Amino acid sequence: MSIFDLAKVPLRELNAALHSLPPSTNETHWVVTNPGGKHAIACGVDAPITIDIEGHVGYYCGGMNKEATIVVSGNAGVGVAENMMSGEVRVKGDASQAAGATGRGGLLVIDGNASARCGISMKGIDIVVKGSIGPMSAFMAQAGNLVVLGDAGDALGDSIYEARLFVRGSVAGLGADCIEKEMSAEDKSILKSLLKRADLNESISPDDFKMFGSARRLYHFHIDNVDAY
Amino acid sequence: MTVPPPHRTPPRFSATFSPQTIAEIQRAAATGIYDIRGGGAKRALPHFDDLLFLGASISRYPLEGYREKCGTDVALGTRFAKKPIKLKIPVTIAGMSFGALSAPAKEALGRGASAVGTSTTTGDGGMTAEERSHSSILVYQYLPSRYGMNPDDLRRADAIEIVIGQGAKPGGGGMLLGQKISPRVAKMRTLPEGIDQRSACRHPDWTGPDDLEIKIEELRELTDWEKPIYVKVGASRPYYDTALAAKSGADVIVLDGMQGGTAATQEVFIENVGLPLLAAIRPAVQALQDLGLHRKLQLIVSGGVRTGADVAKALALGADAVAIGTAALIALGDNDPQLQAEYEKLGTVAGAYDDWQDGLDPAGITTQDPVLAARLDPVKAGRRLANYLSVLTLEAQTIARACGKSHLHNLEPEDLVALSIEAAAMAGVPLAGTNWIPGITQ
Ligand SMILES: Cc1cc2nc3c(=O)[nH]c(=O)nc-3n(C[C@H](O)[C@H](O)[C@H](O)COP(=O)(O)O)c2cc1C
């Protein structure tokens, strides 16, 4: 196990050490203490390792992650796991804006709430938020799945493409071209497996959720949709 | 036979309701949708044509053409990057996406630029393997849409360009109409095939200069501080945008004037938003001078650069390099008079073709149609671009030597005068034949 105390060692050294790991590394468990809200902690990792961060992190923690499992035992700042490719990022506390923004793969689990623009422009990532999410979440979401156990803020899924949004609580309002959709058996099984991967108790049923997606009315420019442009 | 009555006035067209304006009202009424096109602002604007070099005479000493050295190299990213980029000429190829351009066009840009030692740039749509392999120096754009963005391409790039805006549409996002969303383009962008795609105009995970600073820090950390980080802005508030980009930690600032080309944007946006490049360079340079950063971080300017004289004028006003988009496409073969018959079928003529959004380009450049794209020979087109880039450089050197400069970067505002009061005020150089710089001297 390698321990980095960010109160003593500069962030640059941590990230450089993480980036130099070969995919077959034996150093598979890393612990970061005193993260102190620093930005860009463990961004750009590309190895199947586990990184435990003991405390709060600033912006872009785990940005563009590939393969690694990153656990933040605290709150996360803006853009946690932005553009994640694969692997997992788990936040034990709350997350700020743009959690999982533009993510292409992997799983982001937030035990607390996530602020505005959660899953903005998501492109294939799976996100599970155990609390609620703020407004403008899943704006222009292209692909992937966003699961919210609590409530969703206003303008959910504005200008959404082909992502699926599952919400158990209330939705303050839907954005342009986002509509409620019937859940197919496939949708339900995707939701069920995500709940399981987020360690959620079996008593939570996919039937408790509503699903939202694209009405596909904005896919082509048309004068009759001008109000939505 | 009817005889015209005497004293009948000939038809008179209105300056306000010109034939072009009338046609646009008729088009709008018929279709109910704004006009979308490619290219840059087509209206006449104050530009480099309104400036002249003074040249050397008794009080200034010229250099011999061809014989005496006149350097053209430029290093980009010397401020913070571990691996700055070194270009042999101060003319770079601007970001144009695969999607907007065909694969052979992207390859040709790479071949032409690499042959003369300069860089090319990806665009809104990600990096293709062909583009990487044919460009010896490739700048990877980081755009609001983040289409195709991934850490492997970031590390494969030689520099990273954070795009905040474009001169053709400061404040607007990208557009790619359905005809050009081929299966490959759709896959790279994670979009359904054939949709009319509108990219975001704001970055998804940061807002404002304080966040931008943190975003730059993340990109540096991701790439171990090796790559130069550029910030590209459309010319709108060049003094403040330059100062804020510099404060945020950019290595290079790219400033794009309103003449700058686009693959597809609303005509109303292209013609009415932003500043002409001439009006934007001096305020940007002033911001760098005020911060003590001029020539420490580099300024690349673009938007209507066509000739070696334009290159020399941009550098004399304080830029470190220029970027070209439209001119590079023309060098590849866009708007070729030999294609006149085909342009006529599209309702236009060679020299005016700007429907780059439609994907029907007979030259095979702004298209995703495999049959049309196959018309462009990337080797020959690359050669034409290399020739053109060499001419730009030779022309700029010709002027610099005449002004007595042993490097293009030694050109300075003192070498210039303006032909109009507007240009004198915008460029901050005297009106020709006077000592008057409007707004500066009495
Ligand atoms: C076909 C085409 C596609 C473009 N695509 C992009 C793009 O993806 N990203 C970007 O920042 N600018 C894009 N631009 C703008 C250019 O990078 C550049 O700012 C502009 O072309 C410079 O002006 P010029 O065309 O007068 O040389 C595009 C321009 C053209 C002509």
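Throughout, a chain's letter reflects where its sequence line sits, starting with A, and its residues are numbered from 1. Values in this document were obtained by computation on a predicted structure and should not be read as measured data.
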A/Asp46/B/Asp152 under side-chain contact (heavy atoms from CB on, under 4.5 Å): CA gap, chis, key distance, verdict: CA-CA 9 Å; A/Asp46 185 4; B/Asp152 302 321; 4.1 Å; yes
Atom of A/Gly44, atom of B/Leu222 and distance for their closest heavy-atom approach: CA-CD2, 3.0 Å
Per-residue contact mode, B/Arg189 against chain A (heavy atom under 4.5 angstrom): backbone
Stepwise side-chain contact (heavy atoms from CB on, under 4.5 Å) check, A/Met64 with B/Asn150: CA-CA 7 Å; A/Met64 301 212 191; B/Asn150 70 81; 6.0 Å; no
Side chain, backbone, both or neither of A/His39 within contact of chain B (heavy atoms, under 4.5 Å): both
Heavy-atom closest pair, residues A/Met140 and B/Arg198: CE-O, 2.9 Å
Closest non-hydrogen atom pair, A/Cys43 against B/Glu221: SG-CB, 3.8 Å
Atom group of A/Ile41 that falls short of 4.5 Å from chain B, counting heavy atoms: neither
Working for side-chain contact (heavy atoms from CB on, under 4.5 Å), residues B/Asp211 and A/Gln97: CA-CA 12 Å; B/Asp211 282 8; A/Gln97 298 188 42; over 6 Å; no
A/Tyr161 versus chain B, the contacting section by heavy-atom distance below 4.5 Å: side chain
NZ or CZ of B/Lys215 within 45° of A/Tyr59 ring axis and under 6.0 Å: no
Per-residue contact mode, B/Ser199 against chain A (heavy atom under 4.5 angstrom): backbone
Chain B contact via A/Arg12 - which portion, at a heavy-atom distance below 4.5 Å: both
Part of A/Asn65 lying under 4.5 Å from any heavy atom of chain B: neither
B/Met149 vs A/Lys123, side-chain contact (heavy atoms from CB on, under 4.5 Å): CA-CA, chis, key distance, verdict: CA-CA 10 Å; B/Met149 176 51 51; A/Lys123 295 169 169 53; over 6 Å; no
Minimum heavy-atom distance between A/Thr102 and B/Pro204, given as atom pair plus value: CG2-CG, 3.6 Å
Under-4.0 Å salt bridge between A/Arg117 and B/Asp205: no
